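Here's the structure, in structure tokens; my notes come after.
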Amino acid sequence: MFPKYDVIVVGAGHAGCEAAHAAARMGSKVLLCTMNMNTIAQMSCNPAMGGVAKGQIVREIDALGGMSGIVSDKSMIQFRMLNRSKGPAMWSPRSQNDRMKFAEEWRLALEQTPNVDFWQEMVTGILVKDGRVTGVKTGIGIEIESESVVLTNGTFLNGVIHIGEKQFGGGRTGESAARGITEQLVQLGFEAGRMKTGTPPRVDGRSLDYSKMEVQYGDENPEKFSYSDETTTLKEQRTCWITYTNKEVHETLETGFDRSPMFNGRIQGLGPRYCPSIEDKINRFAERERHQIFVEPEGWNTVEIYVNGFSTSLPEDVQYKALRKIAGFENAKMFRPGYAIEYDFFPPTQLKLTLETQLIENLFFAGQINGTTGYEEAASQGLIAGINASLKVQEKDPFILKRSDAYIGVLIDDLINKGTEEPYRMFTSRAEFRLLLRQDNADLRLTELGYQIGLASEERHQKMLDKKSNTAKLINDLKQKRFSPESLNQGLEEIGTATITEKISAEKLLKRPQIGIEELKSINEDLRAYLEKYPKEVLEQAEVQIKYDSYIDKEQQMVEKLSNMENFRIPHKFDYLSITALSAEGRQKLNKIRPETLGQASRISGVSPADLSILTVYLGR
């Protein structure tokens, strides 16, 4: 009935979609298994992509040749660049999306990708022979053979939904949990754990009074995620709103605490620290009289509203009463209550940097199964797992991004070397080289790599090369172009910066804090005419590189210093347990994680500098 596949992807959420698309684009024959073809790429929680550090990840996925950026652009209803008031390392793109259109665009993209087949059914186990995965087994007993398997099960593994004192099995509201896989993997020797996440109620937008809320518009000149020409920027945007909880809301919520699964011990799994439920917020921050609520439309045409900031698993009657005490929500009609969901995950220290498991060859894990939270984190893991599953089948070298290459590299390195005991979320503060890993230069960092492995297209590659050469030419010209005091001083006075007494280069002017590209245009007509020949992304790139060149150079020097350790490879079967000079914890952690390089070993929690010195001596022998 089925041919033998190169890659089987289990689960069609954000991780599964990226894995299937990447592997197929690279020439592998792919089967995407999902329990429901109608929920491919479902935005299970908020209808948005990007945000702080997450926006950088979406840009990186796009730069490598993935689809999340394109799908986000095609389904976008609002765009905002967050942290514009801070330095460029902090700028983070975020989109509000049409939930139904997002899922539709992903499904169409996959259906139009040659080499992708679909199968709708629950996968209940994997087929293993001689320590190697050979396929999957489904709920009705079908065995489908493949060279590799990527598990992207999201919140479905033994998922349990909690609403107050009620609990029932499910991977998402209205959808059944997946059973069988956890039990088999534990029998095979994997360590498993439980995590928790949650979602807020959805309400009828027609029942809200927006005059009592603050309006939150999109950017005046919206951008987009994808570097490709396949998408365009928004011509019109939908509005979002902001309102706040109050003391009365908090008191109403507290009446349900005795029935809260969060507080009565019914939920065992740890929830996301940086996206707590509303009951967790008012419990932990009792001194706060109000909390911000973002009122976000679910799409272009629907009346459904996502109540961002009101995630809860309290009884539905308490949720309803509390909601109606929020300004603007006095007459709110609820479409469905919020809920918490507990699910199985597998500590990611059991993986290699390729996301292949250490125990079973050619078996890969990606997404929430690895203990992460968020669409973007999941999608990036799916992309890397799909790439490496395809490369492994083709007997090619693995694809690994370093911490200095991408936020995706930071994410995977953190997961594998440090593990996670709570849902892992990416932040700019997790990256030590964040000035190098900006959202504006992801194409310059990664498109060449994506092109080399056959994922990024020729058009994308050429577009990146043009941007690179145009930026270099512009920076060089700005260094050469010199201007006299007579041609500049009036303009400099008008923008409130010091005048000059001798000729100065445009590059030196641009280093001044008060002067950006737009100010350069305003102080000299010749400069304006010259700069307007270049596209916006080249101008922005040149400005950032000129203004921050000394800081960028310092980070680059740090990367080069650390690269020697990253290039010092450790044999996979290296016998750590026989080196008695290592500390007991060092031996245990090194043996468990089995780092691929000395650099990776240095980042493992519990491996001391002394352990590293001893390891270096033994490897030198």
Side-chain angles (χ1 to χ4, degrees), residues 11 13 35-36 39 42-46 122 153-183 192-203 245 249-250 252-285 291 293 306-323 332 334-346 367-369 371-375 378 420-425:
M35 291 198 285
N36 187 347
T39 56
Q42 182 84 300
M43 293 181 122
S44 309
C45 203
N46 63 324
M122 186 191 293
N153 304 81
T155 59
F156 282 77
L157 291 179
N158 293 323
V160 175
I161 291 172
H162 297 264
I163 303 175
E165 294 175 299
K166 300 164 188 164
Q167 62 182 70
F168 44 93
R172 195 159 44 207
T173 183
E175 296 179 64
S176 60
R179 313 208 178 277
I181 289 177
T182 298
E183 293 75 8
R194 293 288 272 177
M195 278 190 179
K196 166 249 166 192
T197 189
T199 194
R202 312 297 200 268
V203 300
T245 62
V249 175
H250 297 181
T252 305
L253 289 167
E254 284 170 355
T255 65
F257 277 13
D258 60 327
R259 293 184 285 156
S260 164
M262 279 278 299
F263 300 134
N264 62 20
R266 203 172 285 120
I267 290 180
Q268 298 297 315
L270 270 170
R273 178 189 299 259
Y274 302 103
C275 190
S277 64
I278 188 67
E279 55 264 39
D280 201 19
K281 278 192 253 189
I282 63 174
N283 186 50
R284 278 164 53 190
F285 308 108
H291 293 282
I293 301 292
Y306 180 87
V307 190
N308 193 343
F310 205 84
S311 175
T312 180
S313 58
L314 287 168
E316 65 277 11
D317 59 319
V318 177
Q319 293 185 34
Y320 184 59
K321 282 177 197 163
L323 263 180
M334 199 156 70
F335 279 170
R336 59 184 165 103
Y339 61 87
I341 181 163
E342 269 190 299
Y343 55 93
D344 294 336
F345 84 106
F346 292 85
Q368 283 173 286
I369 192 172
T372 60
T373 180
Y375 307 147
T420 186
E421 292 175 357
E422 60 189 47
Y424 178 101
R425 179 180 176 181

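Sequential numbering from 1 along the given sequence is applied to the chain's residues. Computed from a prediction, not measured in an experiment: that's the story for all the values here.
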Applying ring pair (Phe, Tyr, Trp, His ring centres under 6.0 Å), can you list everything that pairs with F156, at least two apart in sequence or on another chain? none
Exercise: identify the closest heavy-atom pair between T155 and Y343: O-CB, 3.4 Å
Tell me, please, which residues at least two apart from S44 pass side chain to side chain contact (heavy atoms under 4.5 Å, CB included). Q42, R172
Does any N or O in the side chain of Y375 come within less than 3.5 Å of the main-chain N or O of C45, such that one atom is a donor and the other an acceptor? yes
For T252, which residues count as a side-chain hydrogen bond (donor to acceptor under 3.5 Å, both in side chains) partner, sequence neighbours excluded? none
Contacts of A177 meeting side chain to side chain contact (heavy atoms under 4.5 Å, CB included) (sequence neighbours excluded), chain-then-number -> R179
If I take atom CG from residue D317 and atom OG1 from residue T255, how far apart are they, to the nearest 0.5 angstrom? 8.0 Å
Looking at every non-hydrogen atom in both residues, tell me the closest pair between G171 and I341 and how far apart they are. O-CD1, 3.2 Å
Which residues share a ring pair (Phe, Tyr, Trp, His ring centres under 6.0 Å) with H250, sequence neighbours left out: H291
What is the distance from atom OG1 of T182 to atom CG of L157, rounded to the nearest 0.5 Å? 4.0 Å
Candidate pair E279 and S313, rule side-chain hydrogen bond (donor to acceptor under 3.5 Å, both in side chains), full reasoning: CA-CA 8 Å; E279 55 264 39; S313 58; 3.3 Å; yes
Suppose we screen for side chain to side chain contact (heavy atoms under 4.5 Å, CB included). Which residues come up paired with S176, at least two apart in sequence or across chains? M35, M122
Please report the C-alpha distance between N158 and E183 in whole Å, then the side-chain angles of each, then the deciding distance to 0.1 Å, and finally whether the side chain to side chain contact (heavy atoms under 4.5 Å, CB included) criterion is met. CA-CA 10 Å; N158 293 323; E183 293 75 8; 3.1 Å; yes
Roughly how far, to the nearest 0.5 Å, is CG of L253 from CD1 of I282? 4.5 Å
Heavy-atom closest pair (P201 atom, V307 atom, distance to 0.1 Å) is O-CG2, 3.5 Å
Mind running side chain to side chain contact (heavy atoms under 4.5 Å, CB included) on T373 and M195 for me, showing each step along the way? CA-CA 10 Å; T373 180; M195 278 190 179; over 6 Å; no
Does any part of the side chain of E316, heavy atoms only, come nearer than 4.5 Å to the side chain of K166, both counted from C-beta? yes
Please answer whether the main-chain N or O of G338 pairs with a side-chain N or O of Q319 as donor and acceptor at a distance below 3.5 Å. yes
Below 4.5 Å, heavy atoms only, C-beta onward: do F310 and V249 meet side chain to side chain? yes
Suppose we screen for side-chain hydrogen bond (donor to acceptor under 3.5 Å, both in side chains). Which residues come up paired with T372, at least two apart in sequence or across chains? Q381
To the nearest 0.5 Å, tell me how far I181 CD1 sits from N153 CG. 4.5 Å
Could you list the residues that satisfy side-chain hydrogen bond (donor to acceptor under 3.5 Å, both in side chains) with N46, not counting sequence neighbours? none
T199: what forms a side-chain hydrogen bond (donor to acceptor under 3.5 Å, both in side chains) with it, not counting sequence neighbours? R202
Run the ring pair (Phe, Tyr, Trp, His ring centres under 6.0 Å) test against F346 and tell me which residues pass, sequence neighbours left out. F365
How far apart are the closest heavy atoms of F257 and N283, and which atoms are they? CE2-CB, 4.4 Å
S260 side chain to L314 backbone, donor-acceptor under 3.5 Å: no
Can you tell me how far OG1 of T39 sits from CD of E175, rounded to the nearest 0.5 angstrom? 4.0 Å
Which residues pass the side chain to side chain contact (heavy atoms under 4.5 Å, CB included) test with F168, not counting sequence neighbours? I161, I163
